Amino acid sequence: MPITKVFSTEIERISILDEHGKFDEKLGKGLIPDKDLVKLYEAMVACRHLDEVAFRLQRSGRMGTYPQNMGQEANSLGAAYALANDDWLVPCYRENCGLFWRGVPMEMVLLHWMGDERGNAIPRELFCTPLAIPIGTQMLHATGLAWAAKYRGEKRIACTFFGDGATSEGDFHEACNFAANLDIPVIFFCQNNFWAISVPGKIQCSAPTLAQRAVAYGMKTVQCDGNDLFAVVKCVRDAAEFTRSTGKPHFIEGVTYRLGDHTTADDARRYRDAAEVEMWKTRDPITRLRAFMKERKLWDDSKEGSLKERVEKEVAAAVERAETIAAPNRTDFFDSMYAEIPEDLRLQRDSTQTHGLGENPSQLDGVEVRKLDHPEHAH
Amino acid sequence: MANLTLVQAINLALVQEMEKDDRVIILGEDVGPNGGVFRVTEGLHKRFGAHRVVDSPLAESGIIGTSIGLAMAGLRPVPEIQFDGFLGPAYDQLCSHAARMRTRTRGAFTVPITVRVPVGGGIHAPELHSDSPESIYAHQPGMKVVMPSSPYDAKGLLISSIRDPDPVMFFEPKRIYRAFREEVPEDEYVIPLGRARVVCEGGEMTVVSWGASVVQCMQAIERTGRSIELIDLRTIYPFDMAAVEASVKKTGRCVIVHEAPKTCGFGAEISARIMERCFLHLEAPVQRVAGFDTVMPYYKLELDYLPDASRIARAIEETAAY
Ligand SMILES: Cc1ncc(C[n+]2csc(CCOP(=O)(O)OP(=O)(O)O)c2C)c(N)n1
Ligand SMILES: [Mg+2]
């Protein structure tokens, strides 16, 4: 037989609580204890509220550009919940909810977008890397982090997050290839929100799923409804178990949607249909879970009311902490460059100048320099 | 004649070159219906169609690598890299291929691409949205590097860059994208690459700069009230040493200003050339006011990093007194 079939595959899609409120008892039963479910719901509501507040902070000039996470909360949250607390979380910038669940203080994320590096100084015991700005790069770091765990014989795995757009970058493919071929226990979690700023998904991938990108690397893969917290928890739990026990990587495509603009610098109305956004609002992970909890008598309007109050306080306190932190020292960016500051750089720091006469004023000994009476620039 | 911002002037140059020459095509992230994140390509997708204004996959190496192929086949691609800090993945294609193609094929293949990149700080942008990488590319033989400091120059320089037979890095200082307007002729004109502009004449000292720093230099010069000759290099490579030399021979003193870190910044090259050509004319050591040798800090401290009028003015005064 001259033509034989050497390979074929199928991609599974996991959905447990769908947008119509239909719950798959077989897959969903016992997946998340009620008490946890309530906490997870509350975490999503808090994250959503932070997004709204951050948006207003940016608009009123109190914060720089900020990327809202709105609509995508269940992805990183479900993952952070399903993973062990000392598994690495290697985020992009739409994983606030998972980072907060892990314990990253809200104000750190705010500080980052307020133009302050202290927002990246995440305590090491949280096993979270800072937000990644260059798209598609952090998956290689996750692969290295997981590799180190394997090297040391630890049970720790890594889970890295990235968007649909990021799967176009070469680094993404290199990360998959390293992890698959060197047997590295890392989970690649792609948040497919269908847009990379204004560029639609079909420009990034012509295959019907992003999940199948992994197939070419010989990597296990699955697609899940990323707006369904149950489905995310199940997929990440299964993937983590596989990854931990085999040492091999696993890919997850979370199908989700960015309900807001790309960032506060963007206006999504320029390139996408209002109808599309409206349709996705009906699939919102938060309203879906709330309806489910109400139906199961885990939730009611009075609980919602008191949650709202608590969340407003929590977010306001985080904003307060971010805004009242002491102004950074103007020497901070020198002092943190190297373990030990090179002499040349110390001269720049101490003189606040780069020109040779300013760095080394002794060259001007005995020379009269006219002083201009204008202030150094104001902050 | 219209009163245009730098963004509008670049847009006008793109429109006019695309109308004139169907080999000119644009590709990059969000350059299509969205008109680019800074709206530089606004309206072009509608006007010229999706085959000439192409939203590409999110991959800088891909954008430049395919531009090289397009150019080798005779087109004139004008790829956009969304921000300075995202040139990283494109570096290999730019330096290992675009810059070398002509010489390694002894002219059989050439790469006439114009890579547009918004650069520089001062707009409160996030991390990796504020770098000034011009000297990296000036250091790569085979590359031309351009950075306008005004709307008028931007239009004329971009047209020259697109028509240039070799690869050009066209760096657009985003801090002055919309900071001021200038009369920009509707009619076609070009500003040749490699020719500096004397912004103002003076006899006491020469200040050399480019990009958004030119504006800071003008403020500093005004503060000192001195007779200073300000030279806007406009093209970083090949740069107009003749203009610098003539001025420094006249003034005997020189301060060079740029946003990029001092060490190995392009100011170092100019300073060395002045030593080679003007040594006996110098009254004071050549001074550089530059970014510090640190990573560009996040925006809370970016004004502490960027050379501003007071730092420049101080260097001018000290150089004058020396
Ligand atoms: C290497 C690189 N190129 C370009 C950008 C500019 N940029 C920021 S976000 C973005 C789109 C990302 O899309 P996707 O990966 O789908 O993530 P999403 O924002 O949709 O969550 C682009 C092009 C960047 N940050 N890094
Ligand atoms: Mg996306």
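Letters go in sequence order (proteins before strands), and every chain restarts at 1. Keep in mind it's a predicted model, so treat the numbers as computed, not measured.
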Part of [X] within contact of chain A (heavy atom distance under 4.5 Å):
| X | result |
| --- | --- |
| B/Pro297 | both |
| B/Glu302 | neither |
| B/Phe86 | side chain |

Start with the C-alpha distance between B/Asp30 and A/Val199, add both sets of side-chain angles, then the distance that settles side chain to side chain contact (heavy atoms under 4.5 Å, CB included), and finish with yes or no. CA-CA 6 Å; B/Asp30 304 284; A/Val199 180; 3.6 Å; yes
For [X], is it the side chain, the backbone, both or neither that has a heavy atom under 4.5 Å from a heavy atom of chain B?
| X | value |
| --- | --- |
| A/Ser351 | backbone |
| A/Asp335 | neither |
| A/Leu357 | both |
| A/His262 | neither |
| A/Phe334 | both |
| A/Ala327 | neither |
| A/Asp344 | side chain |

What option among [options] has the most heavy-atom pairs under 4.5 Å with chain A?
| options | answer |
| --- | --- |
| B/Val255, B/Thr319, B/Asp293 | B/Asp293 |
| B/Glu317, B/Glu29, B/Met296, B/His129 | B/Glu317 |
| B/Ala315, B/Pro33, B/Ser56 | B/Ala315 |
| B/Thr263, B/Val289, B/Val286 | B/Val289 |

Main-chain N/O of [Y] paired to [X] side chain as donor or acceptor, under 3.5 Å:
| X | Y | value |
| --- | --- | --- |
| B/Asn34 | A/Ser198 | no |
| A/Glu368 | B/Ala321 | no |
| B/Ser61 | A/Glu169 | no |
| A/Thr354 | B/Lys262 | no |

For a 4.5 angstrom cut-off between non-hydrogen side-chain atoms, does [X] reach [Y]?
| X | Y | answer |
| --- | --- | --- |
| A/Leu131 | B/Glu127 | no |
| A/Gln363 | B/Glu318 | no |
| A/Met114 | B/Tyr298 | no |

Going through the distances and angles, do B/Val295 and A/Phe333 end up as a side chain to side chain contact (heavy atoms under 4.5 Å, CB included)? CA-CA 7 Å; B/Val295 165; A/Phe333 60 87; over 6 Å; no
For B/Thr224 and A/Arg370, which heavy atoms make the closest approach, and how far apart are they?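 So the minimum-distance heavy-atom pair works out to O-NH2, 2.8 Å.
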Does this structure show an ion pair linking A/Glu359 with B/Arg288, if we count only N-O contacts that are shorter than 4.0 Å?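 No, this pair does not count.
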